[in-house]
Amino acid sequence: MAAERYPFGEIEAKWQARWEERRQFRVSPDTSRPKFYCLEMFPYPSGRIHMGHVRVYAIGDLLARYKWMRGFNVLHPMGWDAFGMPAENAAIENGVHPAIWTYENIDYMRAQLRKLGISYDWDREFATCDPSYYKWEQLIFIRMLERGLAYRKRSTVNWCPSCQTVLANEQVEAGRCWRCDSEVTRRDIDGWFFKITDYAEELLAWCDRLPGWPERVMTMQRNWIGKSEGAEFDLPVAGRPELKLRVFTTRPDTGFGMTYAVLAPEHPLVDSLVRGEGERAAVERFRAEVLKQSEIERTAEDRPKRGLRLQARVVNPFNGAEIPLFIADYVLTTYGTGAIMAVPGEDQRDWDFATQHGLPIIETVERPADWTGEAYTGDGVKINSGFLDGLTIPEAKRRAIDWLVGRGLGVAKVNYRLRDWGISRQRYWGAPIPVLYCEACGMVPEKEENLPVVLPNDVQLSGKGGSPLAQVASFVNATCPRCGGPARRETDTMDTFVESSWYFLRYCSPHYERGMFERGAADYWMPVDQYIGGIEHAVLHLLYARFYTKVLRDLGLTKVDEPFTALLSQGMVVKDGAKMSKSKGNVVSPDTIREKYGADTGRLFELFAAPPEKDLEWSDQGIEGSFRFLNRVWRFVTTHLDELRRARARAGARAAHTVTPEGKAFRRAIHETIRKVTNDLERDFHFNAAIAAIMELTNTMQAFEAAADGAAADEHAALRREAVETLLLLLGPFCPHVTEELWERLGHAESLFTQRWPEADPAALARDEVTVVLQVDGKVRGRLVVEVDAAEGRVQDLALADERIRPWLRGRAVDRVVVVPNRLVNVVTRS
RNA sequence: GCGGGCGUGGCGUAAUUGGCAACCGCGAUGCGCUUAAAACGCAUUGUCCGAAAGGACGUGCAGGUUCGAGUCCUGCCGCCCGCACCA
C-alpha cells in the first residue's frame, strides 16, 4: 500500500536541502543575462498559511523556475508585511507582545514555505516591522513633508469603531471596514495625508500603458480615480452681492435648464445664508437628521432624497432667473464644490428631487420621438437654451464654458473622485510618523540623523481607544530638533499600506544601510516583471504602490515610472462555498497535504484544477487525481530506468531518424507537447491547459510502451529517453522535487533547473500527411488523409469522389467547394 | 444606475483564436488482478433514435453575418465582481 506511493517525503527533503546547499536561487545583478523579477504579494504573518496562500506561491514558483530555464537571471524574493492590527489584537487578547507574536508567526510560516520548495532567495528576506526597514519610510515621509506631499489637516474621516482607528477611503468597502467588517462611522480628527491626488492624472494616464495588467483591475483603478471634466462657476445669491455659490457640473450646456440649486447640508456657506432663528433651528434639525443615518442607510437602494428649502435664492447666470435654493442629503461635501446646479430635465437625481418638491423642469435637449423616460441623458440638439440652441451637446459644452469664462463667472474644471490618502492610524503596531510638536516651533520633522524613530517596546495595549503611544511618556516627551526645547512626539503610526508600497524596491538590496535601496541594484532589477496576487488589492495596495513609486521617482531615487509591468490576479481558493480562511474555519493546511501527498502534488493540483484567474474549488478527490498522476510518472520512469539510462549514449543521435511511422508519430507528440506547454506558459498563463498537455504526453508514452513491446522496444529506446527527459523538463516548474529526483536518477549530475527549456524541433513537427475533414453543407460527413499542402484542386477532387461524401450529394447540385488547406473541405450544395 | 466579466457533459475544465465541440482530470458503470478490500490496469461514459451500421440534436434564449459560429454582430435572460446620490 504505502510501497505503491512514490517516496515524496524523502525526495522533497533531499532536494530542498540540496538547493539550499548549492545556493541555487541566490542571485545578484548580472548584466550578461536578461533579468526577470518575479514577485508574489508578500503575506501578513497572521499565523499559519493554508492552501489558499499556497496557490499564489505555486504560480510564482512556476513562473520563476520557467524563467530560469529560459536563461533569465531571476529575482524571486519573499518577506513579511509585518505591521498591522491582528498582532495588536492578539496582544490585547492574549497578553503577548505584538513583536513576539509577529516573529513567532514568521518563523512558523517561513518553515511552512520552505517545505513547499519555492525557489526563493532567502538571503533577501526581511520583515517590515524591523527599524532598519521603516527607517527609510520615515526618511521619505520627511522628504514628502518638505515637498507638500505629506500634510496634516483636520477633516471628517472614516472611523472604524472596532479597530479604533481612521481608515482611508480605499479601505472602506460598502460602508464597512476592509479588515474587520465593522460599520464605519465618521469623525472629525487631525491626521496625516499623502497627496495622491497630485498624481491622479498620471496614475490614470498610465492605466492605458500597462498592457500586462488585467483589464478589470485597470477599470477598477480608472473608476476609483474617477476623472470628470466640466466647469466650475458662481451662482450669485439674490440680494446678497457679497455671497456667491460655487458649483461644479459636467454638463455646463444644461445651464438654461437649471431650475434650482442645492448645497450639501454641511456646506460652510449655509450658516451665512440662514436668516433668523426659525430657519437656523430648521437647518440644525435637518442636519442632525441627515447625520444620524449611518453610511449604510445613506447609500441604501431607493433612498428617498430629503431636502430643506432655504429662504435665500440664487440667480441662474444663464438666464438671470431667480431660483430656489435647498440643502439636501443627496449632495455630498466630499465631491466637487459641495454644491450643485440642479437640472431635473437632464439629471435623474435632480428629476427625482424636483418631482418630489414640485419644482419646474425645463428640457434643454431635444428628446427622440419615442422617448418615454424621465431625465434625459442621451445625445441630441440643444433647445430652450438661448445662445446654445441648435448645437450638439459637445459643442454646447464648449460654448457654455467659453461664455462663463468670458464673463468672469467660472472656469473649465477637471474633478477626481480620488481623495488624498489618509495614512494616520491611532494604533501601536506600525511605523511611527517622524514628527514632533514643539510649543515654540510648532510641528517639526525629526532630524534625519535621529532616524529611525523606533517604536518603543514597553507599551500598554488596552484596545480602549486613543493612540497607545500617547501613554508611553518616554516616547512622547522629547526635545525639539530645532530649538532643543520640550516637544511632544506624534503618536499616530503610519498605515501599513505604506510599508507595502515600496518593499519590492527593498528586495533589490535588502541589507543596504546607506539608503532605502541601492540605486544600481534597483536600476538593474526594477520594475517587477511579473507580480502575482489577489484581486482584493485592485484599488488598495496596487494603487498606493504605483503612487509611492512615482513619488520616489520624483525624489530622484528611482528611474521607473511604474513598479509592476505585468500583474496576474489569481482567484480565491474556495471550500464549501466560501473563501478559505481561518475565520470561516474551512482551511486546509499545506502541512496535512504535504504529509499525505507531498508538496508537489498540492502545488500541481492548485495549478491544474482551474485557470489561475478563476476561483478554485478545493476538492479532496481532485488532489487524489494529481497524486495518481505523479505516481504514474514515477512508476513509468523508475520501472524503465535501466533501459533509459542505457539509451543515453544514443540520445545524441536524436531519435529523429526513427524508422517506424509509430516512432515518428510519437516524436511528433513529444514536440507538439513542447510547443503547447511553451505557448500556454508564455502567452496567457494557461497553466491548467499546460498540465493537461503534459498528462496527455504521459498517456501517449504509456500507450507507445504498450504497443511497442518486444523487439521494437529496443529500437525506440532513444526516443523513449527523449520523451522522458522532455516530460521531466516540462513538468519541472510545476513539480520541482519529483522531477529533480527522476532527472538525477536518469544519470544527470546537473540540476534540472540549470537545463535549458526544451524547444520544439520543426523537423519533428513536420508531417507528411494530414487528416482533412470533409463536410457537406457544413456538416461533417467524413475524413480524408492527404499529403501535406496538397493542391486544392486535388483535394477537391478526392473529396467529391469520396465514398462517404457521395451519398450526400445525390440529387443535389454542387454550388461550390470551399477548401481550407490541410484542414477541411466543405461541399456546398444548391437544392 | 454606471463599469467589467461570465454562461460548454453529472462536476472542474479544454478548444491551435472563425474550421472535427468536449482535450485533461474528477465522478460513475463494467471488467481484470486479489480469498477480499485498497492500490493498480483495461474499457465505456453529451442527449435522443437504433440490435448494429448509422442518424438527428447539442455550447443560457431569440435572431443575424458566414461555405462554416462555443468563438463575430444585435436584442433578451441569468449569474458573478467592482463602484455607487461623484453632479
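So that the names make sense, note that chain A is the first sequence line, chain B the second, and so on, each numbered from 1. The structure displayed is predicted, hence computed values, not measured ones.
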Trainee: Using the side-chain heavy atoms of A:Trp808, tell me which of these nucleotides is nearest: B:rA84, B:rG55, B:rC20.
Mentor: B:rG55
Trainee: Tell me: CD of A:Glu617 to P of B:rG10, nearest whole Å?
Mentor: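 A:Glu617 atom CD is separated from B:rG10 atom P by 19 Å.
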Trainee: Scan residues 772-784 of chain A for pairs that pass salt bridge (charged side-chain N to carboxylate O under 4.0 Å, His left out), counting only residues two or more places apart or in two chains.
Mentor: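 Residue pairs with at least one partner in residues 772-784 of chain A: A:Asp777-A:Arg812.
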Trainee: Has A:Arg823 got a side-chain N or O lying under 4.0 Å from the OP1 or OP2 atom of B:rU16?
Mentor: no
Trainee: Does A:Thr771 put a side-chain nitrogen or oxygen below 4.0 Å from OP1 or OP2 of B:rC20?
Mentor: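 It does not, given that no N or O in the side chain of A:Thr771 lies less than 4.0 Å from OP1 or OP2 of B:rC20.
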Trainee: Rounded to the nearest angstrom, tell me the gap between atom CG in A:Leu765 and atom P in B:rU16.
Mentor: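 Spelled out: CG on A:Leu765 to P on B:rU16 is 17 Å.
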Trainee: In terms of side-chain geometry, is the basic nitrogen of A:Arg222 or A:Glu215 positioned less than 4.0 Å from the acidic oxygen of its partner?
Mentor: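 Here A:Arg222 pairs with A:Glu215 in a salt bridge, since their nearest N and O are under 4.0 Å apart.
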Trainee: Can you identify which nucleotide, out of B:rG3, B:rG27, B:rA87, has its nearest atom closest to the A:Arg628 side chain?
Mentor: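 My answer, after comparing the listed nucleotides, is B:rG27.
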Trainee: Does A:Arg804 make a side-chain N or O approach to OP1 or OP2 of B:rG54 shorter than 4.0 Å?
Mentor: no
Trainee: If B:rG10 has a Watson-Crick or G-U wobble mate with both distances under 3.5 Å, name it; if not, just say none.
Mentor: B:rC26
Trainee: Residues in side-chain contact (heavy atoms from CB on, under 4.5 Å) with A:Arg675, at least two apart?
Mentor: A:Glu672, A:Asn679, A:Ala760, A:Leu765
Trainee: Both distances below 3.5 Å, Watson-Crick or wobble geometry, any strand: find the nucleotide opposite B:rG3.
Mentor: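 Its partner is B:rC81 (Watson-Crick or G-U wobble, both distances under 3.5 Å).
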Trainee: Under a 3.5 Å cut-off for both distances, is B:rA15 Watson-Crick or wobble paired, and to whom?
Mentor: none
Trainee: Using a cut-off of 4.0 Å on non-hydrogen atoms, how would the nucleic acid contact of A:Glu215 be classed: base, sugar-phosphate, or nothing?
Mentor: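 No contact.
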Trainee: Rounded to the nearest angstrom, tell me the gap between atom CE in A:Met218 and atom P in B:rG4.
Mentor: 15 Å
Trainee: Indicate every side-chain donor-acceptor pair of residues 250-259 of chain A with a distance under 3.5 Å to a residue at least two apart or in another chain.
Mentor:
unit_1: A:Arg251; atom_1: NE; unit_2: A:Asp253; atom_2: OD1; d: 2.9
unit_1: A:Arg251; atom_1: NH2; unit_2: A:Asp253; atom_2: OD2; d: 3.1
unit_1: A:Asp253; atom_1: OD2; unit_2: A:Lys382; atom_2: NZ; d: 2.7
unit_1: A:Thr254; atom_1: OG1; unit_2: A:Arg251; atom_2: O; d: 2.7
unit_1: A:Thr259; atom_1: OG1; unit_2: A:Pro360; atom_2: O; d: 2.9

Trainee: Would you classify B:rG58 as syn or anti? Syn applies when the glycosidic angle is within 90° of 0.
Mentor: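 It is anti.
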Trainee: Heavy atoms only, 4.0 Å cut-off, all strands: where does A:Ser228 land among base, sugar-phosphate and nothing?
Mentor: sugar-phosphate
Trainee: Does B:rA21 pair with anything, Watson-Crick or G-U wobble, both distances under 3.5 Å, and if so, with which nucleotide?
Mentor: none
Trainee: From C-beta outward on A:Val331, which listed nucleotide comes closest to its side chain: B:rU17, B:rC24, B:rA87?
Mentor: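 Shortest atom-to-atom distance from the side chain points to B:rA87.
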Trainee: Considering only nitrogen or oxygen atoms on both sides, find all protein atoms under 3.5 Å from nucleotides 66-76 of chain B and state each distance.
Mentor:
unit_1: B:rC67; atom_1: OP1; unit_2: A:Arg816; atom_2: NH2; d: 2.4
unit_1: B:rC67; atom_1: O5'; unit_2: A:Arg816; atom_2: NH2; d: 3.2
unit_1: B:rC67; atom_1: O4'; unit_2: A:Arg816; atom_2: NH2; d: 3.2
unit_1: B:rC67; atom_1: O2'; unit_2: A:Asn826; atom_2: ND2; d: 3.0
unit_1: B:rC67; atom_1: O2; unit_2: A:Asn826; atom_2: ND2; d: 2.7

Trainee: When you measure from the side-chain N and O atoms of A:Lys779 to the phosphate of B:rC57, is any distance below 4.0 Å, counting only OP1 and OP2?
Mentor: yes
Trainee: Under 4.0 Å, heavy atoms only, any strand: does A:Tyr416 hit a base, just the sugar-phosphate, or nothing?
Mentor: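 No contact.
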Trainee: Among B:rC24, B:rC20, B:rG82, which nucleotide has an atom closest to any side-chain atom of A:Glu696?
Mentor: B:rC24
Trainee: Answer with base, sugar-phosphate or nothing: what part of the nucleic acid does A:Lys305 contact at a heavy-atom distance below 4.0 Å?
Mentor: base
Trainee: For residues 605-618 of chain A, which residue pairs pass the side chain to side chain donor-acceptor pair (under 3.5 Å) check, not counting sequence neighbours?
Mentor: A:Trp618-A:Asp620
Trainee: B:rC83 phosphate, OP1 or OP2: any side-chain N/O from A:Asn169 under 4.0 angstrom?
Mentor: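 No, no such contact exists.
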Trainee: Determine the contact category for A:Gln621: base if any of its heavy atoms lies under 4.0 Å from a base atom, sugar-phosphate if only primed atoms, P, OP1 or OP2 are that close, otherwise nothing.
Mentor: sugar-phosphate
Trainee: Decide, for B:rU71, between syn and anti: a glycosidic angle within 90° of 0 counts as syn, anything else as anti.
Mentor: anti
Trainee: What is the distance, to the nearest angstrom, from the CG atom on A:Asn688 to the P atom on B:rU8?
Mentor: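 Rounded to the whole Å, the gap is 16 Å.
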Trainee: Just call it for A:Arg306: base, sugar-phosphate, or nothing, with non-hydrogen atoms closer than 4.0 Å on any strand.
Mentor: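 Contact class for A:Arg306: none.
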Trainee: Taking any heavy-atom pair under 4.0 Å as a contact, classify A:Thr250: base, sugar-phosphate, or nothing.
Mentor: sugar-phosphate
Trainee: List, one per line, each side-chain donor-acceptor pair under 3.5 Å for residues 813-825 of chain A, sequence neighbours excluded.
Mentor:
unit_1: A:Asp815; atom_1: OD1; unit_2: A:Arg830; atom_2: NH1; d: 3.3
unit_1: A:Asn822; atom_1: OD1; unit_2: A:Asp789; atom_2: N; d: 2.8
unit_1: A:Asn822; atom_1: ND2; unit_2: A:Asp789; atom_2: OD1; d: 2.8

Trainee: Who does B:rA51 pair with, Watson-Crick or G-U, both distances under 3.5 Å?
Mentor: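 No nucleotide pairs with B:rA51.
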Trainee: Whole Å only: how far is the CG atom of A:Leu630 from the P atom of B:rC40?
Mentor: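 For the pair A:Leu630 CG and B:rC40 P, the rounded distance is 13 Å.
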Trainee: Does A:Gly336 or A:His686 map to a spot on RNA chain B nearer the 5' end, using the closest nucleotide for each?
Mentor: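 The residue whose closest nucleotide sits nearer the 5' end is A:His686.
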Trainee: If you round to the nearest 0.5 Å, how far is OG1 of A:Thr673 from CD of A:Glu696?
Mentor: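 Output value for this atom pair is 7.0 Å.
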Trainee: Which nucleotide, if any, forms a Watson-Crick or G-U wobble pair with B:rU65, using both distances under 3.5 Å?
Mentor: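 Paired with no nucleotide.
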Trainee: Within this structure, what is the CD-to-C1' distance between A:Glu170 and B:rC83, rounded to whole angstrom?
Mentor: 13 Å
Trainee: If you only use heavy atoms from C-beta on, which nucleotide in B:rA84, B:rC24, B:rG55 is closest to the side chain of A:Arg781?
Mentor: B:rG55
Trainee: Applying a 3.5 Å limit to both distances, which nucleotide forms a Watson-Crick or G-U wobble pair with B:rA36?
Mentor: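 Partner of B:rA36: none.
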Trainee: Mind checking the OG1-CG spacing from A:Thr219 to A:Asn223? Nearest 0.5 Å is all I need.
Mentor: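 CG of A:Asn223 is found 6.5 Å from OG1 of A:Thr219.
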Trainee: Hey, is the side chain of A:Arg632 poking within less than 4.0 Å of OP1 or OP2 on B:rA39, counting only N and O atoms?
Mentor: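 Answer no for this pair, as no side-chain N or O of A:Arg632 is under 4.0 Å from OP1 or OP2.
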Trainee: How long is the span from the CD1 atom in A:Ile340 to the CG atom in A:Leu332, to the nearest 0.5 Å?
Mentor: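 Between atom CD1 of A:Ile340 and atom CG of A:Leu332 there are 10.0 Å.
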Trainee: Heavy atoms from C-beta onward define the side chain here; which of B:rG3, B:rC83, B:rC85 lies closest to that of A:Thr219?
Mentor: B:rG3
Trainee: How long is the span from the CD1 atom in A:Ile674 to the CD1 atom in A:Ile694, to the nearest 0.5 Å?
Mentor: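 A:Ile674 atom CD1 to A:Ile694 atom CD1 measures 10.5 Å (nearest 0.5 Å).
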Trainee: Does A:Arg783 contact B:rC20 through a side-chain donor or acceptor facing the base, at a distance under 3.5 Å?
Mentor: yes
Trainee: With both distances under 3.5 Å as the test, what is the Watson-Crick or G-U wobble partner of B:rG58?
Mentor: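 Partner of B:rG58: none found under 3.5 Å.
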Trainee: Please figure out whether A:Ala339 or A:Lys676 has its closest RNA chain B nucleotide nearer the 5' end.
Mentor: A:Lys676
Trainee: Under 4.0 Å between a Lys/Arg side-chain N and an Asp/Glu carboxylate O for A:Lys676 and A:Asp680?
Mentor: yes
